[in-house]
K.L.:
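Here you go, one structure.
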Amino acid sequence: MIWLALTLLAPLGAGLAALAVRRAPQAFALVGAALGLVGALGLFAGAAAGTEISVSLPFLPSFPVLLMADRLTATLALLVAAVAAAVLTYAIGYMARDPGRARFFGTLLMFVAAMELLVLSGDWITLLAAWEMIGFASYLLIGFWHQRPGVAGAATRAFLYTRSADLGLYLAAFVLIGTAGTSRIAPTLATTGTPALIAGLLLLVAAMGKSAQVPLQDWLMRAMAGPTPVSALLHSATLVAAGAILLIRAAPMLPAGALLMVGIVGGITTVVAGMIALAERDLKRLLAASTASQYGLMLVAVGAGAPVVALLHLIAHAAIKSSLFLGAGIFQHDRDGTGLEALAGAGRARPGIFAGFAVAALALAGLPPMAAYFSKDAILAAALASPAAPWLLPMALGGSVLSGAYMGRALQILWSGTRSETRAPVPFMAAGMGALVVLAVTLGAGFGPLEAMLGAGADAKPWIVPAMGLGVGLGGLLLGWSIAPARLLGPLLAPARNGFAVLGGMDGLVVRPALALAALCERFEQGLFAAVLAIGRAGLAAGSGVRRTDRETIDGMIFGLVEYTIDLGGRVRRLQSGFIHRDLALTAAGIALLIGVLLAAPFYP
Amino acid sequence: MGRDLSFLLPEIVVAVTAMLMIVAEMGRAARLVLAIGLAGLAVATLLTLPVLHAGTTVFSGTYRIDTISGWAKLILLPGTAAALLMARAEIAGRAREGSLYALVVLVTLGALMLSGAGDVMVVVLGVVLTGLGSFALVAFLRDDAGTEAAMKYLVFGAVTGAVMIYGLSFWFGGSGSTLLSDLGRLRGQPLVLVTGLAGLIVGLGYKAAFVPFHFWAPDAYQGAPVSIAAYLSVITKTAAFFALAQALRDLPREAGWPFALAVISAATMTWGYLAALVQTNLVRLLAYSSVAQSGYLLMGVVALGASPAAVPGIVVFAAAYVAMNLGAFAVVMVVGRELRDLDGLGRTHPVLAIALVVFLLSLTGIPPLFGFVGKLYLFTAAINAGFLWLAVIGILNSVLSLAVYLRLVVPMGREPAGALAAMSAPFLLRGVIAAALMATLGLGILAALLPG
């Protein structure tokens, strides 16, 4: 209980305090992150020892707020807290000179608190609330430098994309609550049959939005407009991870059809996003595309029926990707940009940081004995063992080759040129990054026990799997290091540079049709208006005819009254310009329709 | 008789308050009128608390003291007080200022009658009482736009009111009683039932601004003082829903009204948000958004008698809607009537901007804000009642609504226009915005206190 409170409330309290006090936000950030980490460690230790904590708070009658730390959620909470602590340490150095520090650290801490709430939530409504909160907090963080051109637009786009896909989560939650009669997640996962299939596919839609799966991948690249620590946190253990976490948690419920869809979406994404990463000309955007690609691999694992393996890769990727981003941020500081051309040779100026970056890059490519080697092999093994192996295995292998290729290319560019400059040391940034690199290297050793704890037995993998894993990793690295992407991708280079904007991307699929429909409604009202206006004119002509007759026949005593009425009528006519006729005509049509629908009631099924 | 009157104390207090206000207005003491009004509303709110769970009827069943009418008072009376404060901020010092306050309280009395109606005649009385006062309120500014708006409102009211009374007379003919609780007798007389029902839906649908009876709303709101637009968009509208709920609770569901209302609900929310998407005038935009919100409230009415979440849904969402819509209108009163007036608000007035964002997100229905709690009940009720397709349309429209509301949020981050920096919110409006904000944020979290 105390650990749970500490995990959630320490970042939240520190964030609010940083915003309220506005002084020394770094200190609040460190304290909040450290206490949160302590709380998450306590939760994890408790869960590992077999004590599940669950707290129910009163909220709506029959829908209490439920917080739950079982083995899975405690692991995730620890991951979030650990990455957050490292990133916040780094951010102290990165944001040292920014005037908006208090706002930055305050929002970032609240974001961490919301993410902890998301992973620890035990009912759908709390999950929905936390889901929205991380969406909104990430909007604020991506738009942190909102005065710079294009940043506000990128933040809005990220928010809208993920929000549209959130629709799936809302619908899925309502379907599950409606079917199971409770909002607690655990009982709803026992849903079977058609509702499970529908809910599973809807959850997949939500996860595709948050985890940037094809065709909703575009926002992730644009979200690079935010500060680098934000990207590091968003991409590793939080916002983007939320989609995969959702599917990992819901995996027990997913029927075979939904699992196949999950696997195929993940497989397509891992290949497509991998090609986008290879074609990128900007280091941060390259890393962003690689994030989408790696989450695609996790979805492949979920689709292959091995959610624990997906979790392992999520953990490995969290440590690796945050180290890569933090390294990229240091190079960005040195060269005032993240374009790959501007960064050429940046690694030589900082051999220490480059070494860390390179280790993380090799880890991402899946070289032993780093963390992703084990998780990627496990994914390949799961894909091989799954009934959909002919689909999943080639895509997983393709994604792995591409991981090696784009990381090899990035390393080659960072190391090119000659050593020309030396830079002042960056202690905070290096400390944060160093901690994550160490994690990236050593985490793999803990995967075996973790897998056992989560109840997925480590089966003996066929010898072909590590061979394939090593082969694709090394092969990819060599290809990327030595061959230019234009030759690797051939005719696919141009679409990859465009981010494979399928059918104009989200803009074309959702935004434009909605606006067109709105314009159509407007035009419909206008057309109707013109038609009714003509009728109105005819009526007015008849009216004026009557008026003339009246003037000639009605005696002088009531003449004044009539004159006044006519004058008023004229005024109203000028003001109304026929509108009210049209509206009343529509109203009458509505009444007729209403009566028709009501009368047809006995014939409804 | 004495027992009956004791249950009616809140209504009596409101009626007496309105009379006292008219008397005070004769002395041209506008501030006194306002003070009497606020005090009367506060007393009436407090007097509601003891009878909140009475669950009875008075005057031989013609007036109901039940969950709906009790919570309606707790929602409408404070909402009216907030609207009075907003009106004071807008029209202080004008001629006939006090008359407007008195009219507002009279209209609220009509709204209370609608919410407690147990008899078709009380429904008619409520419609007339709210209508007559509202026409005068809309025309208060006496300019062309106001006159046009009031004229349109009046013509619409006259037509729909006539249709309603005509239809309701069929019910009387068919059941031999004007009591709503006797409507069950209409079983087996489908034509009579349908005619009356259509009349009722038209009459109350006009008040509540359903599609296609909503055409007056944007013009009336635009022509009226903004505070009156805010008042009409929440008080008379929610009262119409309460009346609809009172009437339909006693009507057999097999009469087909759930499906007809579900169609209207879907059309209302979709049309409202689509039309709001192309508005550039903030008042018109909020007017269409209010139309769309009617569609959501209607989801609760559709589920009446089929889901235990229906009545709590209507009550909770009505409360949330009153708070967030009044808050949004109050911000518009501070800032200006055009969309471009919002440029740079986030830079110059961050607190005001945050308040507006909270109101808009709550209108969208984002957890954990109050609006989400209401929508949760409404969606649950609709799904329980077998209207999954309606819930799907509702959720789809939530996304559309986000596009509508983000049109307000996005310009707040731009470079501020010149006049904005010097602008400051009047004290009264700040109070209203703070109260609405507390309700929107706080009641979302303390939702356990609500009925259900």
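Residue numbers begin at 1 in each chain, while the letters A, B, ... track the order of the sequences. Just so it is clear, the values below take in all heavy atoms, side chains as well, and ignore hydrogens, waters and symmetry mates.
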K.L.:
In this structure, are over 12 heavy atoms from other groups packed under 6.0 Å from B/R284 atom CZ?
P.N.:
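It does: B/R284 CZ has more than 12 such atoms within range.
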K.L.:
Below 4.5 Å from any heavy atom of chain A, which atoms of B/V392 appear? Answer side chain, backbone, both or neither.
P.N.:
both
K.L.:
Within the 4.5 Å heavy-atom criterion, are B/V357 and A/F136 side-chain neighbours or not?
P.N.:
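In short, these two side chains touch, coming nearer than 4.5 Å.
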K.L.:
Between B/I264 and chain A, which part of the residue has a heavy atom less than 4.5 Å away: side chain, backbone, both or neither?
P.N.:
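Interface part for B/I264: side chain.
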K.L.:
With a 4.5 angstrom heavy-atom cut-off, which part of B/F372 approaches chain A: side chain, backbone, both or neither?
P.N.:
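Contact with chain A: side chain only.
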K.L.:
If I take atom CG from residue A/L586 and atom NE2 from residue B/H214, how far apart are they, to the nearest 0.5 angstrom?
P.N.:
8.5 Å
K.L.:
Taking side chain as C-beta onward, heavy atoms only, is A/T587 less than 4.5 Å from B/Y206?
P.N.:
no
K.L.:
Is it the backbone or the side chain of B/I383 that comes under 4.5 Å from a heavy atom of chain A, or both, or neither?
P.N.:
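It is the side chain, since no backbone atom gets that close.
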K.L.:
Give the member of B/L396, B/L197, B/I366 that has the highest number of heavy-atom pairs under 4.5 Å with chain A.
P.N.:
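The answer is B/I366.
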K.L.:
Chain A heavy atoms under 4.5 Å from B/L369: which part of the residue, side chain, backbone, both or neither?
P.N.:
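Answer is neither: B/L369 stays 4.5 Å or more from chain A.
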K.L.:
Heavy-atom pairs under 4.5 Å with chain A: which of B/N384, B/L261, B/V202 has the most?
P.N.:
B/V202
K.L.:
Do the side chains of A/Y139 and B/V409 get nearer than 4.5 Å, heavy atoms only?
P.N.:
yes
K.L.:
Which atoms of B/T364 come close to chain A, meaning under 4.5 Å heavy atom to heavy atom: side chain ones, backbone ones, both, or neither?
P.N.:
side chain
K.L.:
B/V211 versus chain A, heavy atoms under 4.5 Å apart: side chain, backbone, both or neither?
P.N.:
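The answer is neither part of B/V211.
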K.L.:
Based on non-hydrogen pairs under 4.5 Å, which of B/P190, B/A198, B/P258 is most in contact with chain A?
P.N.:
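The option with the most such pairs is B/A198.
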K.L.:
Looking only at heavy atoms, which two atoms of B/P212 and A/G590 are closest? And how far apart?
P.N.:
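Smallest heavy-atom distance, with atoms named: CG-CA, 3.5 Å.
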K.L.:
Would you give the length of the straight line joining atom CG of B/L376 to atom CD1 of A/I177, rounded to the nearest 0.5 angstrom?
P.N.:
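Going from the CG atom of B/L376 to the CD1 atom of A/I177 covers 6.5 Å.
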K.L.:
Any chance you could measure B/T195, atom OG1, to A/L598, atom CG, to the nearest 0.5 Å?
P.N.:
9.5 Å
K.L.:
Using every non-hydrogen atom in the two residues, find where B/A260 and A/L594 come nearest and quote the distance to one decimal.
P.N.:
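Where B/A260 meets A/L594 most closely, the heavy atoms are CB-CD1, 4.1 Å.
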K.L.:
Taking C-beta and beyond as the side chain, do A/L599 and B/L191 meet within less than 4.5 Å on heavy atoms?
P.N.:
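Yes, side chains in contact.
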